[in-house]
Amino acid sequence: MNTIIVVALALLVMVVIYMLVKKMMSSDSDVNRKDQMKKNFKRHLIEVHLPDVVKDLKTKDLRNLAAELLKTYKVLEYEKKVLNDMDDFEWHSWQVSTIIKMYKEEMDLFIPNYKEIFPSELADLSAYSLEQKLHPIFDKYNKEVSKKMSQKYLLDQVIWTSKDMSILLLFLAKYKQ
């Protein structure tokens with residue numbers, strides 16, 4: 001009887017050790033992946049040049065603008081849409097510029113219930129997957145938005161889809177986690 005208890009305890013200890021080692025190994029790879037994502041993101045972000053009028057925005061103003069953007073986003077009920085239905089140009093370059101400025105200032109956007117706000121196709125993506133979707137947005141930004149544009153011009157330049165804005169806002173909520 002004692003032998004059975006000892007064998008059972010030994011097996012239990014071995015299972016626990018195996019699970020701990022497996023968890024440590026996976027968290028090491030997660031940390032490496034996160035570090036690589038942050039490096040790629042920062043490298044790509046450095047290449048994005050903001051208009052002078054956006055560079056002058058203060059942190060408090062950026063937070064207020066982001067809060068207003070998020071309110072607008074919620075009112076438009078994008079969470080009910082599928083990504084294929086989010087290709088209409090509905091957002092202007094001023095809005096996109098402020099979000100990119102927040103990235104450059106290493107700010108984030110706290111959205112505790114993001115799965116209720118964003119389409120599930122995006123909300124379920126990892127920060128790494130979202131970061132990959134940012135590259136074409138940043139490339140388009142560099143091609144379409146000039147450093148010399150005024151605020152009025154940026155407000156009139158409606159060239160961003162609701163999908164673009166979803167990716168930008170959601171990544172801003174997730175990338176520091």
Side-chain angles (χ1 to χ4, degrees), residues 34-114 117-119 121-123 125-177:
K34 277 185 181 178
D35 287 345
Q36 187 60 45
M37 181 205 66
K38 287 178 183 177
K39 286 177 188 174
N40 290 342
F41 174 68
K42 285 183 179 185
R43 187 179 72 244
H44 206 80
L45 187 59
I46 288 170
E47 298 169 1
V48 177
H49 301 288
L50 294 170
D52 293 335
V53 68
V54 176
K55 287 181 186 176
D56 296 335
L57 290 172
K58 305 288 185 243
T59 301
K60 181 181 176 186
D61 297 331
L62 286 171
R63 291 226 180 265
N64 290 338
L65 289 166
E68 288 301 315
L69 280 173
L70 194 56
K71 280 182 196 174
T72 302
Y73 188 90
K74 288 177 187 177
V75 167
L76 294 171
E77 298 181 328
Y78 289 119
E79 79 279 1
K80 296 177 182 174
K81 296 186 178 184
V82 293
L83 286 184
N84 292 338
D85 295 336
M86 298 176 71
D87 289 332
D88 293 337
F89 297 107
E90 302 174 326
W91 297 86
H92 51 70
S93 291
W94 176 257
Q95 294 162 321
V96 170
S97 296
T98 59
I99 298 300
I100 293 174
K101 168 80 171 167
M102 289 181 74
Y103 288 133
K104 285 187 166 278
E105 297 291 322
E106 296 188 9
M107 298 170 69
D108 58 359
L109 182 62
F110 180 66
I111 306 174
N113 56 344
Y114 67 85
I117 298 169
F118 295 94
E121 292 173 81
L122 289 177
L125 293 176
S126 67
Y128 179 80
S129 296
L130 284 169
E131 187 262 337
Q132 296 301 310
K133 292 182 178 297
L134 283 177
H135 293 250
I137 295 171
F138 288 167
D139 291 341
K140 178 181 176 180
Y141 188 90
N142 278 334
K143 290 176 187 164
E144 301 291 332
V145 180
S146 164
K147 288 179 63 174
K148 301 298 177 197
M149 290 180 174
S150 67
Q151 182 177 358
K152 180 180 177 354
Y153 189 89
L154 292 168
L155 288 165
D156 290 340
Q157 190 182 40
V158 180
I159 61 171
W160 304 97
T161 66
S162 48
K163 187 187 311 180
D164 295 333
M165 186 54 75
S166 298
I167 293 165
L168 286 162
L169 287 171
L170 185 56
F171 187 72
L172 190 61
K174 283 184 152 186
Y175 84 112
K176 285 196 172 183
Q177 295 176 353

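Quick note: numbers below take in every heavy atom, side chains included, and nothing from hydrogens, waters or symmetry partners.
Between the side chains of Glu90 and Tyr78, a donor-acceptor pair is found at a separation under 3.5 Å. Checked by atom type, the side-chain pair Tyr73/Ser166 shows a donor-acceptor distance below 3.5 Å. Side-chain N/O atoms of Tyr141 and Ser97 include a donor and acceptor closer than 3.5 Å. In the model, Ser162 has no side-chain atom that pairs as donor or acceptor with a side-chain atom of Trp91 under 3.5 Å.
In this structure the side chain of Val96 reaches within 4.5 angstrom of the side chain of Met165, judged on heavy atoms. With contacts defined as side-chain heavy-atom distances shorter than 4.5 Å, the pair Lys152/Leu155 does not qualify.
Residues Leu45 and Lys104 share a closest heavy-atom pair of O-NZ, 3.1 Å. The two residues Lys148 and Asp52 come nearest to each other via the heavy atoms NZ-OD2, 3.7 Å.
Under 4.0 Å is where a charged nitrogen must lie from a carboxylate oxygen, and between Lys143 and Asp139 no such pair does.
Judged purely by atom type and a 3.5 angstrom limit, Lys101 uses its side chain to pair as donor or acceptor with the backbone of Lys55. In this structure, Tyr103 contributes its side chain and Leu168 its backbone to a donor-acceptor pair below 3.5 Å. Using modelled atom types, no side-chain atom of Gln157 and backbone atom of Ser93 make a donor-acceptor pair closer than 3.5 Å.
Put simply, the residue from Glu131, Glu47, Glu106 that forms a salt bridge (Lys or Arg N to Asp or Glu O under 4.0 Å) with Lys42 is Glu106.
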